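One structure is given here, and the rest of the page talks about it.
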Amino acid sequence: MSNDQELGITESKSHSPGDWYAEVVLKAGLADYAPMGGFIVTRPRGYALWEGLQNHLDSWFKDTGAQNAYFPALIPESYLERESDIVEGFDPEVAWVTHGGHDELEERLAFRPTSESIITPFMSQWVRSHRDLPLRLNQWCSVIRWEATDTKPFFRTKEFLWQEGHTAHETEDEAWDETMTRLSQYERLYEDVLGIPVMRGRKPEHDKFPGAHTTTTVEALMPDGKSVQGGTSHYLGQGFAEAYDLFFTDENEDERPAHTTSWGLSWRAIGALIMTHSDEQGFVCPPELAPEQVVIVPIWQEENREEVLSYAEGIANDLEAEGVRVELDDRDERNPGFKFNEWELKGVPVRFEIGPHEVEDDEITVVHRPDGESVVEDRAGIADAMEDHFDVVYDKMYEAAADTLENNVREADSRDEILGTIGQHGGYVKAPWCGDEACEEEIKEPISAEIVMVPLDRDEEPCGDECAMCGDEAEETAYFAKSY
């Protein structure tokens, strides 16, 4: 097989999205499969995307009072057992350490599936009175959940990177405000950085975080009609505080349990980014996150090589001076066409093509990755013009994703209509629901679709009077979809 064939994407996004997605991840240099089933190796280009997400979120978290900390990856079994809902909810997914070297441990240690059971006990030691509140902690780490059987890099793996925030507050209102603050930050990340519109909602009671009072979510719709749970923020109530002795004395010297929250976003966001924007040419990355925002491809013949390269180097220096992440591809052994294909595959948002005509006219040919649109810019002031180009590229990406969402939210008022709509179109189907989990099974069992969210406002009127499945009085609107 030639290098050009190896470089190209051979699968179709519309006809075989799973195979296409895997090919983009591998050929764009984002990840490789690990020798253990269910794990991946994150390559530098893929990790750079995670660092970009991390930098944005970390800054926003710190601006709103959170401090970073780090807790052990291994949690004693006795700690997990203090919160029965955690044990019940995560038990099938827990990876256990039973030996240290050749010696059997006195107590099994769980590799964290989530960290409420190790963080909350220490928060209880650090909080004594209302003056110690609110306490806001966040950690960046990996977790292991032994659930993944069909590995899909970034979407579903046994180990994944994420952040998890944990906070304690005096009142329910303060804790709820915290929950909404974090949900809004996740929405901001998806919409302003990733270029993906999301819908805000909450999980139905039977699908909320184990032990939580309320689980809120941002959901993103992929082009293949499946939903991605983009990030969740949980109001935990006082149950975790009571289980782990997180009490404080209020202004009247009365002892009360704190109201706690937790919130997390994983590298599933990278999966959503790849699936949403990429195409048959490869990865497409928004400028805000791209490891290289601009690639410069000089096009020369031997008689004008030095002149073209000198011109291209000057442009690269100007961009770097303005903080633009730029790559000058001056490799002799590759022709321009190969370079175009390679950088398109890697997702660079903007390409500069510079040949002798551009040098002669003191211009630059600028090409946008999402749609291949080509415009000619004056050499003078090109660094200042880049922000506008990045905005245009982002707008193209966001608008395409917004069209997908807008055109794929439908309503139904019967079981058959829900099944038929999801089966034919995918996307979200709104239907009135009585609140009984058994009615969700009527949809889940035949087509593996589920209720991905219900409206955030518990007082919102349902979209119909009768449950679409059983005919009983509807309590709320359910959004059904297949999901990753």
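For the single chain, residues carry numbers from 1 onward in sequence order. Source: prediction; values computed, not measured.
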**OP:** Please report the C-alpha distance between R415 and E441 in whole Å, then the side-chain angles of each, then the deciding distance to 0.1 Å, and finally whether the salt bridge (charged side-chain N to carboxylate O under 4.0 Å, His left out) criterion is met.
**Re:** CA-CA 11 Å; R415 175 181 179 273; E441 291 297 324; over 6 Å; no
**OP:** Classify the side-chain pair S483/E450 by whether it contains a donor and acceptor separated by less than 3.5 Å.
**Re:** yes
Subject >> Shortest non-hydrogen separation from P76 to L109 and the atoms involved >> reply: CA-CD2, 3.7 Å
Original post:
How long is the gap from CG on D395 to CZ on F390, to the nearest 0.5 Å?
Top reply: 13.5 Å
Using residues 472-482 as the side-chain source, report each donor-acceptor pair under 3.5 Å to any protein atom, sequence neighbours left out, with the distance given to one decimal.
residue	atom	partner	partner atom	Å
E476	OE1	R202	NH2	2.8
T477	OG1	C463	N	2.9

Original post:
Is a side-chain donor or acceptor of Y244 paired with a backbone partner of F122 at a separation under 3.5 angstrom?
Top reply: no
**OP:** Please round to the nearest 0.5 Å and tell me the distance separating atom OG of S278 and atom CG of L345.
**Re:** 9.5 Å
**OP:** Indicate yes or no: at least one non-hydrogen side-chain atom of L419 is less than 4.5 angstrom from one of I443.
**Re:** yes
**OP:** Could you pull out the closest heavy-atom pair between L265 and W50, with the gap in Å?
**Re:** O-CH2, 3.9 Å
**OP:** Report the C-alpha distance between F283 and L273 in whole Å, list the side-chain angles of each, state the deciding distance to 0.1 Å, and finish with yes or no for side chain to side chain contact (heavy atoms under 4.5 Å, CB included).
**Re:** CA-CA 9 Å; F283 182 42; L273 167 66; 4.1 Å; yes
Subject >> T214 vs W176 side-chain heavy atoms within contact, under 4.5 Å >> reply: yes
**OP:** Over all heavy atoms of both residues, which pair between G38 and T151 is shortest? Give the atoms and the distance, please.
**Re:** CA-OG1, 2.9 Å
Subject >> Test item: L405 and M199 side chains (from C-beta on) under 4.5 Å apart, heavy atoms >> reply: yes
Original post:
Would you call T232 and T216 a side-chain contact if the rule is heavy atoms closer than 4.5 Å?
Top reply: no
Original post:
Do the ring centers of W263 and Y235 come within less than 6.0 Å of each other?
Top reply: no
Original post:
So, the side chain of E23 versus the backbone of T10: is there a donor-acceptor pair under 3.5 Å, distance only?
Top reply: yes
Original post:
Can you tell me how far the NE2 atom of H277 sits from the NZ atom of K396, to the nearest 0.5 Å?
Top reply: 14.0 Å
Subject >> Considering all heavy atoms, the nearest G427-L221 contact >> reply: CA-CD1, 3.8 Å
Original post:
Under the 3.5 angstrom rule, does the side chain of E460 hit a backbone N or O of P455 as a donor-acceptor pair?
Top reply: no
Subject >> Donor-acceptor contact present, side-chain T157 to main-chain P153, <3.5 Å >> reply: no
**OP:** Answer yes if the side chains of Q54 and H56 hold a donor-acceptor pair under 3.5 Å, and no otherwise.
**Re:** no
Subject >> Residue pairs fulfilling salt bridge (charged side-chain N to carboxylate O under 4.0 Å, His left out) with at least one residue in residues 94-113, sequence neighbours excluded >> reply: E77-R108
Original post:
Does a donor on one side chain and an acceptor on the other come within less than 3.5 Å for H169 and T171?
Top reply: no
**OP:** Determine whether the side chains of S129 and T249 contain a donor N or O and an acceptor N or O closer than 3.5 Å.
**Re:** no
Subject >> Which atom of K62 lies closest to which atom of N68, heavy atoms considered >> reply: CE-ND2, 3.6 Å
Original post:
Closest heavy-atom contact between L133 and A168?
Top reply: CD2-O, 3.6 Å
Original post:
Taking only residues two or more places apart in sequence or in another chain, which ones pass salt bridge (charged side-chain N to carboxylate O under 4.0 Å, His left out) with K226?
Top reply: none
Original post:
Strictly by modelled atom types, are S115 and Q139 linked by a side-chain donor-acceptor pair under 3.5 Å?
Top reply: yes
Original post:
Side chains of S124 and F240: closer than 4.5 Å at any heavy-atom pair?
Top reply: no
Subject >> K13: salt bridge (charged side-chain N to carboxylate O under 4.0 Å, His left out) partners, not counting sequence neighbours >> reply: none
Original post:
Got E164 and T114 here, is their nearest side-chain heavy-atom distance under 4.5 Å?
Top reply: yes
**OP:** Quickly, which of V127, L135, D132 forms a side chain to side chain contact (heavy atoms under 4.5 Å, CB included) with F248? Name it, please.
**Re:** V127
Subject >> Donor-acceptor pair, side chain of D279 and main chain of G282, under 3.5 angstrom >> reply: yes
Subject >> Residue pairs, two or more places apart or on separate chains, that pass side-chain hydrogen bond (donor to acceptor under 3.5 Å, both in side chains) and touch residues 180-190 >> reply: T64-R182, T64-Q185, Q163-Y186, E178-R182, R182-Q185, S184-R200, E187-R200
**OP:** Apply side chain to side chain contact (heavy atoms under 4.5 Å, CB included) to the pair V326 and V295, showing each step before the final yes or no.
**Re:** CA-CA 6 Å; V326 59; V295 61; over 6 Å; no
Original post:
Is the closest side-chain heavy-atom distance between S12 and W20 below 4.5 Å?
Top reply: no
**OP:** Take E251 and H130 through the side chain to side chain contact (heavy atoms under 4.5 Å, CB included) test and state the conclusion after the steps.
**Re:** CA-CA 7 Å; E251 293 179 346; H130 63 93; 3.5 Å; yes
Original post:
Taking C-beta and beyond as the side chain, do L189 and W60 meet within less than 4.5 Å on heavy atoms?
Top reply: yes
**OP:** Consider only side-chain N and O atoms of H234 and T215, and report whether a donor and an acceptor are under 3.5 Å apart.
**Re:** yes
Original post:
Is a donor on one side and an acceptor on the other found under 3.5 Å between the side chain of D207 and the backbone of K203?
Top reply: no
**OP:** Could you walk me through whether E242 and R82 pass salt bridge (charged side-chain N to carboxylate O under 4.0 Å, His left out), step by step?
**Re:** CA-CA 10 Å; E242 291 170 344; R82 289 173 65 180; over 6 Å; no
Original post:
Can you tell me how far the CD atom of E288 sits from the CG atom of L53, to the nearest 0.5 Å?
Top reply: 10.5 Å
Subject >> Donor-acceptor pair between T217 and Q229 side chains, under 3.5 angstrom >> reply: no
**OP:** Not counting sequence neighbours, which residues clear salt bridge (charged side-chain N to carboxylate O under 4.0 Å, His left out) with E191? List them please.
**Re:** none
Original post:
Does the pair R410 and H425 meet the rule for a side chain to side chain contact (heavy atoms under 4.5 Å, CB included), with working shown?
Top reply: CA-CA 9 Å; R410 301 175 176 87; H425 303 289; 3.2 Å; yes
Subject >> Qualifying residue, where the test is ring-ring contact (aromatic ring centres under 6.0 Å, His included) with F154 and the options are Y484, W267, W162 >> reply: W267
Original post:
With the threshold set at 4.0 Å, does a side-chain nitrogen-carboxylate oxygen contact exist between K208 and E205?
Top reply: yes
